[in-house]
Undergrad: 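Dropping a structure here in C-alpha cells format, bear with me for questions.
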Number of protein chains: 2
Amino acid sequence: MTTPLPKKSVRGSSSGVAIMAVFDLLGRKWNMRIMWELNSSYLSFRGLQERCDGMSPSVLNTRIKQLTEAELVFTTSEGYKLTELGLSLMNTLDPLREWAAEWEEKVAK
Amino acid sequence: MTTPLPKKSVRGSSSGVAIMAVFDLLGRKWNMRIMWELNSSYLSFRGLQERCDGMSPSVLNTRIKQLTEAELVFTTSEGYKLTELGLSLMNTLDPLREWAAEWEEKVAK
DNA sequence: AAAGTATGCTACGTATTTCGTAGCGGACTA
DNA sequence: TAGTCCGCTACGAAATACGTAGCATACTTT
C-alpha cells in the first residue's frame, strides 16, 4: 500500500513561514514578470499587458489585485507602480539577472 | 472594438531573454520550494514530498525532471541534490529570506 | 452634439496545469 | 516467500490560465 504521508507537515527544519508565503506569491505565473516590468517604469493596464507578451486581461487583473493586496503594487492616475516594499523586493531579486546570464551561458537553452 | 495587441512583443526595453527563462522556471508552483528544501539537505523522493506539504508525486516527478534538465538538480544514490548552478541560484536568492521577514512584519498576513 | 478612440476591467467558454489517489515493478529484508 | 520500502506512473477531478468579445467611462475630434 501507499504510505499515507501526513497532510500538513509541521514546517521543516528550514524554518520560516514567511518565505513560504513568498514562494506562494512569486511562484505563480506572471507575478515576478509583472513586478520586473514595473521596476523599470510605471505602466498602464494595457501597457503592462503588452510588456507581458499580451497576457490575458482577466489574469492580469487578478494578479494586480493580488500584488496590490500584498502591498507590492499600487495604482496611480499615471499607471501602476511598485510600492517601497515592491521596490525593495526587486532589489533583493536583482542579482538574479546576473545569475540568469551565467546560467544561460552554461546550460544554453 | 478591442485593441488587438501584437501576439508576441519584441522583448521590451528591460532586455534580457535569460531572465525571462528564469521567470518561466521559478514562476511555477513548487520549483522554488523544492530547491529551497534541497538547499538545506539532500532528500529522497519521498522525503522531498514530505517537506513540500505532501505535494503530489506526479507533479514532483515532472518538477524534478525540469530542474534536472535545467542542471539545477541531480540524482545520486543518496537522494536528490543541488548542482553548483543550483547552489549559486539559492545563494542569490538567499536575501529573500530576510526580505520575507520584513514583508510579513509590515503586511501582517 | 455625435462619432471616434482609448482606457480599465469583466464574462465566459476553452485549454492547460496541478492535484489526489491507486498502484506497479524493483530492491532489500525477515 | 511474504512484507516493506522505494522511485515513479496513470488517470480522473479540480484549479488555474488563456483568448476573445465587449461594457462603461472618459477624453478627442469633427
Side-chain angles (χ1 to χ4, degrees), chain A residues 1-9 20-38 41-70 72-83, chain B residues 1-9 20-38 41-70 72-83:
Chain A
M1 228 324 233
T2 306
T3 313
L5 276 182
K7 244 8 182 176
K8 285 288 177 185
S9 65
M20 301 302 166
V22 174
F23 290 160
D24 281 351
L25 189 67
L26 298 186
R28 213 161 214 149
K29 207 171 175 182
W30 296 121
N31 272 347
M32 274 179 152
R33 175 70 177 273
I34 287 169
M35 296 198 62
W36 184 266
E37 297 295 347
L38 286 180
S41 64
Y42 62 83
L43 289 167
S44 69
F45 188 93
R46 274 159 139 113
L48 205 39
Q49 216 189 146
E50 280 175 30
R51 291 299 198 100
C52 296
D53 302 336
M55 70 175 289
S56 91
S58 44
V59 180
L60 178 53
N61 185 40
T62 67
R63 285 301 175 273
I64 288 172
K65 278 178 187 163
Q66 263 178 62
L67 293 171
T68 301
E69 192 180 7
L72 301 177
V73 163
F74 69 106
T75 312
T76 74
S77 56
E78 300 171 311
Y80 298 102
K81 295 182 183 180
L82 295 184
T83 63
Chain B
M1 232 314 239
T2 308
T3 313
L5 276 183
K7 246 4 181 176
K8 286 286 176 187
S9 66
M20 301 301 165
V22 174
F23 291 159
D24 282 351
L25 189 67
L26 297 186
R28 214 163 212 148
K29 205 170 176 182
W30 298 118
N31 273 345
M32 274 179 152
R33 175 71 177 273
I34 288 170
M35 295 197 63
W36 185 266
E37 298 295 348
L38 286 180
S41 63
Y42 62 81
L43 288 167
S44 69
F45 189 93
R46 272 159 141 112
L48 205 39
Q49 215 188 147
E50 280 174 30
R51 292 298 197 100
C52 295
D53 301 336
M55 69 174 289
S56 90
S58 44
V59 179
L60 178 54
N61 185 40
T62 68
R63 285 298 176 275
I64 288 174
K65 278 178 188 165
Q66 262 177 63
L67 294 172
T68 301
E69 192 179 9
L72 301 177
V73 164
F74 69 106
T75 312
T76 74
S77 56
E78 300 172 313
Y80 298 102
K81 295 182 181 179
L82 295 185
T83 63

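Lettering of chains follows the sequences in order, A, B, ..., and the numbering in each one begins at 1.
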Undergrad: Give the rounded distance in Å between these two atoms: OH of A:Y42 and P of C:dG8.
TA: 13 Å
Undergrad: Given atom CE of B:M55 and atom P of C:dT18, what is their separation to the nearest angstrom?
TA: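 Taking CE of B:M55 and P of C:dT18, I get 9 Å after rounding.
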Undergrad: Nearest heavy atom decides the nucleotide; on that basis, is A:S56 or A:R28 closer to the 5' end of DNA chain D?
TA: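 The residue mapped nearer the 5' terminus is A:R28.
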Undergrad: For A:D24, does its backbone N or O pair with a side-chain atom of B:R33 as donor and acceptor, under 3.5 Å?
TA: no
Undergrad: Considering only side-chain heavy atoms of B:K29, which listed nucleotide, D:dA17, C:dC19, C:dC9, is closest?
TA: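 Nearest listed nucleotide: C:dC19.
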Undergrad: Take atom CG of A:L48 and atom P of C:dT7, then tell me their distance rounded to the nearest Å.
TA: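 Rounded to the whole Å, the gap is 13 Å.
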Undergrad: Just verifying a value: how many Å separate A:L48 CG and A:W30 CH2, rounded to the nearest 0.5 Å?
TA: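 Result: 10.0 Å between the selected atoms.
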Undergrad: To the nearest angstrom, how far is B:Q66 atom CD from C:dT17 atom C1'?
TA: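 Distance check: B:Q66 CD to C:dT17 C1' gives 11 Å.
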Undergrad: May I ask you to decide if A:K29's main-chain N or O and A:R63's side chain share a donor-acceptor pair within less than 3.5 Å?
TA: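 Here the side-chain-to-backbone pair exists.
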Undergrad: Is B:W30 near enough to C:dT17 that one of its side-chain N or O atoms lies under 4.0 angstrom from OP1 or OP2?
TA: no
Undergrad: Of all the nucleotides listed (D:dT16, C:dG8, C:dT18), which has the minimum atom distance to the side chain of A:R63?
TA: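 From the listed options, D:dT16 comes nearest.
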Undergrad: To the closest 0.5 Å, what do you measure between CD (A:E69) and CD1 (A:I64)?
TA: 14.0 Å
Undergrad: To the nearest 0.5 Å, what is the distance between CG on A:L67 and CG on A:L25?
TA: 6.0 Å
Undergrad: In whole angstroms, how far is the C1' atom of D:dC18 from the CG atom of A:D53?
TA: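 Nearest whole value for this atom pair: 13 Å.
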Undergrad: Within this structure, what is the CZ-to-C1' distance between B:R46 and C:dA27, rounded to whole angstrom?
TA: 13 Å
Undergrad: Distance check needed: C:dA27 P versus B:F45 CZ, whole Å only.
TA: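 Atom CZ in B:F45 sits about 18 Å away from atom P in C:dA27.
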Undergrad: Both B:P57 and B:T62 contact DNA chain C. Taking the nearest nucleotide for each, which residue is further toward the 5' end?
TA: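 This one resolves to B:T62.
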Undergrad: In whole angstrom, what separates A:R33's CZ from D:dC18's P?
TA: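 Result: 12 Å.
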Undergrad: So, does the side chain of A:S58 form a donor-acceptor pair with the base of D:dG19 at under 3.5 Å?
TA: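 It does, because a donor-acceptor pair links the side chain of A:S58 to the base of D:dG19 below 3.5 Å.
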